[in-house]
Amino acid sequence: MKKVAILTNGGDAPGLNAVIRAIVKTARTNGVECYGFIEGYKGLLNNNFVKLDLDTNASGLLHRGGTIIGTSNSTNVFNYKVVNEDGTIEYKDLSDKCIENIKNNGFECIFTLGGDGTQKSSRDFSLKGVNCIGVPKTIDNDVAHTDMTFGYNTAVSVATEAIDRLHTTAESHHRVMVLEVMGRYAGWIALESAIAGGADAALIPEIPYDINKVVDKINERRARGKEFSIVVVSEGATPINGNLVIKKKLEDGSGLDNIRLGGIGEVIANEIEELTGMVSRNTTLGYVQRGGTPSAFDRILSTKYGTKAMELALEGIFNVLVTYKDGKMGYVSLEDVVGDNKVIGAASGNTKESNIRKIPLDDDLIRVARDLGMSLGD
Ligand code: F6P
């Protein structure tokens with residue numbers, strides 16, 4: 001193996017640069033040249049890449065947020081939006097052009113750093129003969145077959161700090177503070193930060209909520225002299241028999257998730273205010289969960305992911321996703337992660353169509369929350 005390339009695709013996550021650094025360092029140790037495609041699959045399509053050099057552009061990366069090679073969020077080269085000269089829009093499969101670029105440049109392996117959408121394309125390239133190795137990146141922690149994605153620990157830390165800060169202002173003003181966190185259709189960030197921050201309620205997509213149950217919890221606290229409460233809400237939480245709150249539906253026919261979630265925190269704060277008579281405020285944490293420096297844990301996890309990815313390439317093991325399971329690094333076929341063969345958290349209601357790993361209803365986190373008396377809205 002002489003020449004490999006990395007791409008980072010989808011929403012950024014703390015630790016992306018640390019993974020890049022680990023791949024490049026392990027590559028150098030083994031005499032392999034490393035390149036980076038600019039802006040994910042878009043770079044692959046446009047043949048736009050740079051050499052990653054530890055003495056220049058790839059140095060000082062361990063603590064740096066974002067990704068030095070850029071990312072693109074909605075690039076599906078298998079169904080790519082093309083605007084024709086007459087203004088009409090067509091979706092075309094441009095994957096062969098990408099494969100031509102890979103072959104012409106002599107890249108023997110492509111490392112795809114991304115979440116489920118990125119890994120789906122990685123699997124599809126694998127099926128067309130490209131050597132791919134996926135690395136599971138997302139703050140949402142929702143990639144199948146791996147216990148933890150990199151970036152997640154940092155997001156939980158940021159959300160926990162926010163809860164700490166909301167505590168003091170909630171207590172001073174006798175208010176209910178709602179914190180809306182990210183996570184898409186999985187409640188990992190919400191539930192772990194709620195436990196770490198000592199929240200009184202956590203509403204997660206895995207458990208449809210009844211607002212009256214949350215109100216009961218707030219009133220029970222009030223009866224004990226606690227004149228404030230903290231409610232953490234995952235952006236994908238839904239009421240029983242209700243719908244997701246959507247900020248925007250993107251005009252995107254590429255087949256990727258085209259729904260931007262957001263707004264449920266405000267809805268819940270208003271309902272709580274109306275039902276309890278207590279002043280309630282919402283804070284939507286947003287992109288600070290994704291930006292900035294990775295936690296020490298994520299730096300180590302990212303480094304483990306990156307070194308393992310390059311080791312697999314050197315061993316000739318391709319078309320796999322690097323995994324972190326029961327404290328050990330390993331790998332699983334990309335098909336098992338995103339294809340029809342996947343077996344993921346059936347207990348949490350995942351379906352064949354859904355590739356994401358939600359919190360299983362028998363997970364320790366749910367037991368812990370219930371033991372603590374935290375309301376999960378059910
Ligand atoms: O998947 C990561 C994530 O930050 C989600 O938690 C969130 O719903 C989404 O990305 C936001 O996406 P965008 O960057 O397109 O606004």
Side-chain angles (χ1 to χ4, degrees), residues 7-16 19 39-42 65-67 70-76 81 112-122 134-144 146 148-160 162 179-194 202-206 232-238 243-267 282-292 294-295 298 302 321 337-338 354-359:
L7 61 83
T8 58
N9 201 69
D12 68 342
L16 272 170
V19 177
E39 291 182 21
Y41 286 117
K42 209 184 271 177
T67 160
T71 181
S72 62
N73 225 358
S74 53
T75 307
N76 181 2
K81 183 176 176 181
T112 55
L113 280 48
D116 57 293
T118 303
Q119 304 312 343
K120 253 183 217 156
S121 293
S122 188
V135 184
K137 165 242 64 175
T138 170
I139 61 164
D140 304 336
N141 200 32
D142 62 355
V143 177
T146 194
M148 207 177 292
T149 54
F150 68 88
Y152 168 64
N153 178 267
T154 308
V156 170
S157 306
V158 171
T160 302
L179 179 70
E180 179 185 314
V181 297
M182 286 182 163
R184 289 212 304 164
Y185 309 112
W188 296 102
I189 299 177
L191 191 52
E192 280 219 332
S193 65
L203 304 181
I204 56 176
E206 291 82 352
V232 180
V233 183
S234 174
E235 62 181 359
T238 53
N243 296 319
L244 287 166
V245 179
I246 290 170
K247 187 175 259 169
K248 200 170 178 186
K249 205 158 182 200
L250 307 170
E251 288 301 319
D252 181 4
S254 69
L256 297 175
D257 185 3
N258 63 347
I259 287 171
R260 189 172 300 152
L261 298 172
I264 183 76
E266 198 64 42
V267 171
N282 171 60
T283 300
T284 300
L285 201 50
Y287 294 89
V288 293
Q289 291 161 97
R290 272 182 20 191
S295 64
D298 267 336
S302 301
L321 180 83
V337 180
V338 297
S354 159
N355 294 317
I356 64 163
R357 186 179 74 104
K358 297 185 179 197
I359 307 177

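Predicted model, so just to flag it, every value in this text is computed and none were measured. In each ligand, atom 1 is the first atom listed, and ligand 1 is the first ligand listed.
Judged as a salt bridge (charged side-chain N to carboxylate O under 4.0 Å, His left out), and not counting sequence neighbours, Asp298 has no contacts. Listed by chain and number, the residues in a side chain to side chain contact (heavy atoms under 4.5 Å, CB included) with Ala155 are Ile139, Ile189, Gln289 (sequence neighbours excluded). Considering only residues two or more places apart in sequence or on other chains, Glu266 meets the salt bridge (charged side-chain N to carboxylate O under 4.0 Å, His left out) condition with none of them.
Looking at Asp116, Thr138, Ile259 one by one, the single match for side-chain contact (heavy atoms from CB on, under 4.5 Å) with Arg184 turns out to be Asp116.
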field: Test side chain to side chain contact (heavy atoms under 4.5 Å, CB included) applied to Arg357 and Val143, step by step
entry: CA-CA 5 Å; Arg357 186 179 74 104; Val143 177; over 6 Å; no
- request: Give the intermediate values and the outcome of side chain to side chain contact (heavy atoms under 4.5 Å, CB included) for residues Val232 and Ser193.
  value: CA-CA 8 Å; Val232 180; Ser193 65; 4.1 Å; yes
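For ligand 1, the 4.0 Å heavy-atom shell contains residues Asn73, Thr138, Ile139, Asp140, Met182, Gly183, Arg184, Glu235, Arg260, Tyr287, Arg290.
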